Amino acid sequence: MRVFICGIDGYLGWTLAMYLSVRGHEVAGADSFLRRKWVEEVGGHSAIPIVSMNERLEAYKEVYGKEITFWEGDLCNYDFVLRCLKEFQPEAIVHLGEQPCAPYSQIDVEHCVFTQHNNIVGTLNLLWAMTEVCPQAHLVKLGTMGEYGTPNIDIPEGFFTIEYRGRKDTLPFPKQAGSWYHQTKVHDTHNIMFACKIWNLRSTDLMQGVVYGTKIEEMNADERLCTRFDFDEAFGTVINRYCAQAVIGHTLTPYGKGGQTRGFIHIADSMRCMELTAVNPPEIGEYRVFNQWAERFDVTTLAQEVKKAGEAAGIKVEVKPIDNPRVEAEKHYYNPDHQKLFDLGFRPHKMVDMLPEMISDLMKHKDRIEAKREHILPTIKWRRDGAKR
Ligand SMILES: NC(=O)c1ccc[n+]([C@@H]2O[C@H](COP(=O)([O-])OP(=O)(O)OC[C@H]3O[C@@H](n4cnc5c(N)ncnc54)[C@H](O)[C@@H]3O)[C@@H](O)[C@H]2O)c1
């Protein structure tokens, strides 16, 4: 299958390019290297060193004997998007090319507006370009479980049937995003659903849980094939951050009461889900939603699991909650469905089985994590000082 990956230089994008190419798919992708600049801007760096895109592509060719095609450019530039699609003629487009970080979008008005513009305009450009070049291609769009928020009822996969004042309909499940970043995903969802309706495009919106993990197996072959691993306050996600904290003897820091519960998925399982989705496309004109997560944990339980894994590796680990910089429910009901990918054959890893590998991979780069120790604790707050509470 010919798969075009938007955001191919990212944590998931580079990993997916290799994962799909190794499995016989023809892969091309685009990126503008924004993620590298954002992490630098917030004072972080990848714990696991990464090489330039050119070096990645060369290393991949050397090790696996295959080529991945790359275009450098901005998805917010319509002509660029059009050119890529015209040249590659994809059967599936996996859209990962957005600003993916909630704290970054909360920094100030510039970061909020940038995130909304970057994500919403990039997706709109893709939708319009698809109508011109490849209206039958399948858009696999990375949304987030964070679009749903934490309602006090079960969360279905995208749609639910509701009876109101004696009448019944199947409608999109309400979205209650928790950051300016998450709001962009909600806007994308609405735009994609609309494009499928009016233009007969087809798309799967993947509501992905929080991804963790240092690598996929194929990266063991050569260190130039590694993907990035961030642990700073903005771009590090919770399990990854806990593991980085553990290896340098930093206290693990759940936010607030620590009952925030989310769905999680290992990076290798995220790859498997995206492949399963791509090779099982929806009908022409169909917009569908899969909830892409494997296991559910609250952030305190997660910290305890990382503590156990750290201690098994001979590291002393402490857990101590800190004030929550976010505005979110700290104890709540959380029961989202995730059946559709399992029906397609998804069988996930267990988080507890993956932690030892993560800790051991990060131990090798302990010095790099130590060097950015002061960028671990959160300083970006959801509330604005001086604003009415
Ligand atoms: N990592 C997670 O835990 C997670 C969870 C749920 C959803 N997601 C979603 O999955 C996608 C990929 O996440 P990730 O962790 O790999 O993020 P990432 O930042 O590592 O990857 C995104 C890539 O897209 C590129 N990009 C962004 N805007 C662009 C633009 N306008 N033009 C060209 N390239 C652009 C960036 O440079 C980056 O390389 C994102 O949409 C994210 O919201 C990620």
Side-chain angles (χ1 to χ4, degrees), residues 4-17 19 29-42 44 46 48 50 52-53 56 70-78 80-81 84 93-105 114-126 129 139-148 177-189 192 205-214 227-232 234-241 262-267 269-271 273-274 277 290-294:
F4 185 74
I5 302 175
C6 302
I8 195 172
D9 187 51
Y11 174 55
L12 302 183
W14 172 244
T15 314
L16 184 66
Y19 185 94
D31 207 294
S32 54
F33 304 124
L34 281 168
R35 171 63 175 248
R36 294 179 188 240
K37 291 173 203 143
W38 297 326
V39 173
E40 214 179 291
E41 179 194 339
V42 300
S46 172
I48 298 175
I50 52 168
S52 69
M53 179 53 86
R56 279 179 159 175
F70 173 69
W71 288 281
E72 179 178 351
D74 186 350
L75 298 170
C76 293
N77 173 343
Y78 186 67
F80 171 72
V81 177
C84 293
I93 299 169
V94 184
H95 181 17
L96 303 150
E98 300 201 329
Q99 195 295 98
C101 166
Y104 189 83
S105 73
F114 167 78
T115 302
Q116 295 251 334
H117 178 268
N118 185 64
N119 294 3
I120 296 165
V121 172
T123 299
L124 283 172
N125 280 347
L126 257 181
L139 175 64
V140 179
K141 167 66 177 30
L142 266 290
T144 156
M145 285 300 294
E147 291 187 35
Y148 298 119
S179 75
W180 294 117
Y181 149 70
H182 288 99
Q183 293 287 1
T184 68
K185 297 289 191 183
V186 174
H187 300 320
D188 283 344
T189 284
I192 296 167
D205 211 347
L206 295 174
M207 300 300 150
Q208 180 166 248
V210 185
V211 183
Y212 66 93
T214 40
T227 195
R228 58 181 315 117
F229 185 99
D230 295 300
F231 56 96
D232 61 80
F235 288 93
T237 50
V238 58
I239 305 184
N240 289 0
R241 273 166 58 74
R262 301 287 184 267
F264 293 88
I265 183 165
H266 186 263
I267 189 164
D269 291 335
S270 164
M271 300 303 117
C273 287
M274 288 191 268
T277 303
F290 294 169
N291 292 348
Q292 180 169 307
W293 60 277

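Both ligands and their constituent atoms are indexed starting at 1 by order of listing. This chain uses plain numbering: 1 for the first residue, then up along the sequence. Source: prediction; values computed, not measured.
Shown here are the side chain to side chain donor-acceptor pair (under 3.5 Å) partners of Glu41, two or more places apart in sequence or in another chain: Tyr104, His111. Taking the side chain to side chain donor-acceptor pair (under 3.5 Å) definition, one finds that Asn119 meets it with Thr184, sequence neighbours left out. Residues passing the ring pair (Phe, Tyr, Trp, His ring centres under 6.0 Å) test with Tyr78: none are found, sequence neighbours excluded.
Distance alone, capped at 3.5 Å, places no donor-acceptor pair between the Asp232 side chain and the Gly44 backbone.
Classification of the Tyr212-His266 ring pair by plane angle, with boundaries at 30° and 60°, yields perpendicular. Note: Trp38 and Phe235 have parallel aromatic rings, judged against thresholds of 30 and 60 degrees for the angle between ring planes.
Ordered by chain and residue number, the residues placing a heavy atom less than 4.0 Å from ligand 1 are Gly7, Asp9, Gly10, Tyr11, Leu12, Asp31, Ser32, Phe33, Leu34, Arg35, Trp38, Gly73, Asp74, Leu75, Leu96, Gly97, Glu98, Pro100, Asn118, Leu142, Gly143, Tyr181, Lys185, Gln208, Gly209, Val210, Val211, Thr237.
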